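Bear in mind the structure is a predicted one, so any value in this text is a computation, not a measurement. Below, read A as the first sequence line, B as the second, and so on, with proteins coming before strands; counting in each chain starts at 1.
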There are 2 protein chains.
Amino acid sequence: MTEAAASSRSGSGALTKEAIGTAARRLFARQGYAATSVRAIAAEAGADPALVIRHFGSKERLFLETVAIEGRFDHVTSGPLESLGARLVESLLTEAPELTFSTWRAMLRATDSDLVRSRLIAAMEEMFIEPLAPRLSGPDPELRARLVAAAISGLLDAVAILADRLIVEASVEQLVDLYGRSIQALVDG
Amino acid sequence: MTEAAASSRSGSGALTKEAIGTAARRLFARQGYAATSVRAIAAEAGADPALVIRHFGSKERLFLETVAIEGRFDHVTSGPLESLGARLVESLLTEAPELTFSTWRAMLRATDSDLVRSRLIAAMEEMFIEPLAPRLSGPDPELRARLVAAAISGLLDAVAILADRLIVEASVEQLVDLYGRSIQALVDG
DNA sequence: GTCCGCTTGTCAACAGTGTTGACTTACCCG
DNA sequence: CGGGTAAGTCAACACTGTTGACAAGCGGAC
């Protein structure tokens, strides 16, 4: 069609779309999906509520397009297996943890939507299960990799949603030692 | 409508309140908090939407009063420590799992509400952390008990929310063996 | 018997939500 | 200049949770 012409024509539309996206990202991360209204996003971006829908199709698609889990754990999952549990926990807790936690919180609470749910599943599989499963030796490597992912989601729950104070305020070394050893039991099989 | 009038004449409004409660419980468990409207609950109970609010105060309080985590794991947490991980996983997977899972799903998704969130935290502490922490020996018993709770919430996530097919379809013995051993590492410290 | 108070229920309305369609504006190409 | 199209605006729709005014039936007091 006229996509090339349209994109080269004028940057005005793409600019406000970008503004809407960043406003949505901020509000979704801070208040969650349900508590953030399209009108609030529009106001924050200085745009009309109808324009938000016209640019992104729906509030749900706006959420999916803006708040995405993008943690990269390749360096962890590709490292030595005997220290994987510890390195996994450390990476989760130290590398841009604020982003990881708020994203987890926002997405998990929005899993009413099947689209959000399948997106979350896909992210977990891509980040942890798929890189990990083929490397595990012993019985049921795939199942064990998925249980590792379950343990990770449990840690994210504790920090991002339940906000367990003792866990949040514990030292990274302690958590790496304790929870890392627990995950390591799944890796070793 | 004549039936409702008749019931109100014979006994009390507590009957219709009960009907509203069971309708709410069913719909919340099946569709979650956000997707269930007060009007749908009222229709299912054969009552007026305004009556729902008058009886329970608000949709949020209705949710809190109807869907509550009531799992009892005393027999597990008071048993022998050396097999606690395995017995915990087995108990979670076999004892009224449908109720446990749907309740976990409904509550976790509704943690936008601070009331729901603190209720969920209280339930986890009462069911797992408080009975377990004083029994653990070694360093940081409280922190380790809370990490056990985190691991549990991860397993619940995998089954109830992410609906991980390999985990759901795995045999209880496999999960007890693998994830139980992982939790046991936290218990042993 | 009549009135009062109380619970139980009904109705219409409010402000807020996501979303849609009609409409205007502004721009680039021919 | 004229036409087509993307960008933006506006009012409206159906829906949400919640509220206040009001009716109906009941038990007890005088």
J.: List for me each residue that meets side chain to side chain donor-acceptor pair (under 3.5 Å) alongside A/Ser91, sequence neighbours excluded, and say none if there are none.
T.: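 If we apply the side chain to side chain donor-acceptor pair (under 3.5 Å) test to A/Ser91, skipping adjacent residues, the hits are A/Glu95.
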J.: Between the axis at one end of the helix from C/dG1-D/dC30 to C/dG30-D/dC1 and the axis at the other (five pairs apiece), what's the angle to 10 degrees?
T.: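 For the helix from C/dG1-D/dC30 to C/dG30-D/dC1, the axes at either end differ by 30°.
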J.: Any donor and acceptor pair, going by atom type alone, linking the side chain of A/Arg117 with main-chain N or O of B/Ile161 inside 3.5 Å?
T.: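 Checked: pair present.
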J.: In whole Å, I'd like the distance from the CD atom of B/Glu60 to the C1' atom of D/dT16.
T.: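 Result: 15 Å.
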J.: What residues form a side chain to side chain donor-acceptor pair (under 3.5 Å) with B/Arg146, not counting sequence neighbours?
T.: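 If we apply the side chain to side chain donor-acceptor pair (under 3.5 Å) test to B/Arg146, skipping adjacent residues, the hits are A/Asp164, B/Glu125, B/Glu142.
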J.: Applying side-chain contact (heavy atoms from CB on, under 4.5 Å), can you list everything that pairs with B/Gln31, at least two apart in sequence or on another chain?
T.: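 By the side-chain contact (heavy atoms from CB on, under 4.5 Å) rule, B/Gln31 matches B/Leu27, B/Ala35, B/Thr36.
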J.: Heavy atoms, side chains only, cut-off 4.5 Å: are A/Leu62 and A/Ile41 in contact?
T.: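 Of all side-chain heavy-atom pairs linking A/Ile41 with A/Leu62, at least one is under 4.5 Å.
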J.: Measure the distance from CG on A/Asp48 to P on C/dA22 and round it to the nearest whole Å.
T.: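 Rounding to the nearest Å, CG of A/Asp48 and P of C/dA22 are 17 Å apart.
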J.: Scan for ring-ring contact (aromatic ring centres under 6.0 Å, His included) pairs involving residues 86-127 of chain B, sequence neighbours excluded, and state none if there are none.
T.: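 Matches after skipping sequence neighbours: none remain.
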J.: Does any pair with a residue in residues 73-86 of chain B pass salt bridge (charged side-chain N to carboxylate O under 4.0 Å, His left out), and if so which ones, sequence neighbours excluded?
T.: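 Sorted pair list: B/Arg72-B/Asp74.
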J.: Restricting both atoms to N or O, compile the protein contacts to nucleotides 15-18 of chain C shorter than 3.5 Å, with distance only.
T.:
unit_1, atom_1, unit_2, atom_2, d
C/dT17, OP1, A/Ser37, OG, 3.3
C/dG18, OP1, A/Val38, N, 2.9
C/dG18, OP1, A/Lys59, NZ, 3.3
C/dG18, OP2, A/Val38, N, 2.8
C/dG18, N7, A/Arg39, NH1, 2.7
C/dG18, O6, A/Arg39, NH2, 3.2

J.: Using OP1 and OP2 only, check whether a side-chain N or O of A/Thr16 sits under 4.0 Å from D/dG8.
T.: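 Yes, A/Thr16 has a side-chain N/O under 4.0 Å of OP1/OP2 on D/dG8.
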J.: Could I get the full list of side chain to side chain donor-acceptor pair (under 3.5 Å) partners for A/Arg181, not counting sequence neighbours?
T.: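 Once residues adjacent in sequence are excluded, the partners of A/Arg181 under the side chain to side chain donor-acceptor pair (under 3.5 Å) criterion are A/Asp177.
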J.: Measure from the side-chain heavy atoms of A/Leu51 and tell me the nearest of D/dT18, D/dG8, C/dT10.
T.: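 Per side-chain heavy atoms of A/Leu51, the pick is D/dG8.
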J.: Could you tell me how far apart A/Ile20 (CD1) and D/dG8 (C1') are, to the nearest whole angstrom?
T.: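 In whole Å, D/dG8 C1' lies 10 Å from A/Ile20 CD1.
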J.: Go through D/dG8, C/dG9, D/dT18 for me and flag the one nearest to the B/Pro49 side chain.
T.: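 Within the option list, the nearest is D/dT18.
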J.: Nearest-Å distance, CZ (B/Phe56) to C1' (C/dT8)?
T.: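 Atom CZ in B/Phe56 sits about 14 Å away from atom C1' in C/dT8.
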J.: Tell me the salt bridge (charged side-chain N to carboxylate O under 4.0 Å, His left out) pairs involving residues 83-92 of chain B, sequence neighbours left out?
T.: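 Applying salt bridge (charged side-chain N to carboxylate O under 4.0 Å, His left out) to every pair that reaches into residues 83-92 of chain B, excluding sequence neighbours, yields nothing.
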J.: Establish, with yes or no, whether the OP1 or OP2 oxygen of D/dA6 is under 4.0 angstrom from a side-chain nitrogen or oxygen of A/His55.
T.: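 So the side chain of A/His55 is outside the cut-off, no N or O lying under 4.0 Å from OP1 or OP2 of D/dA6.
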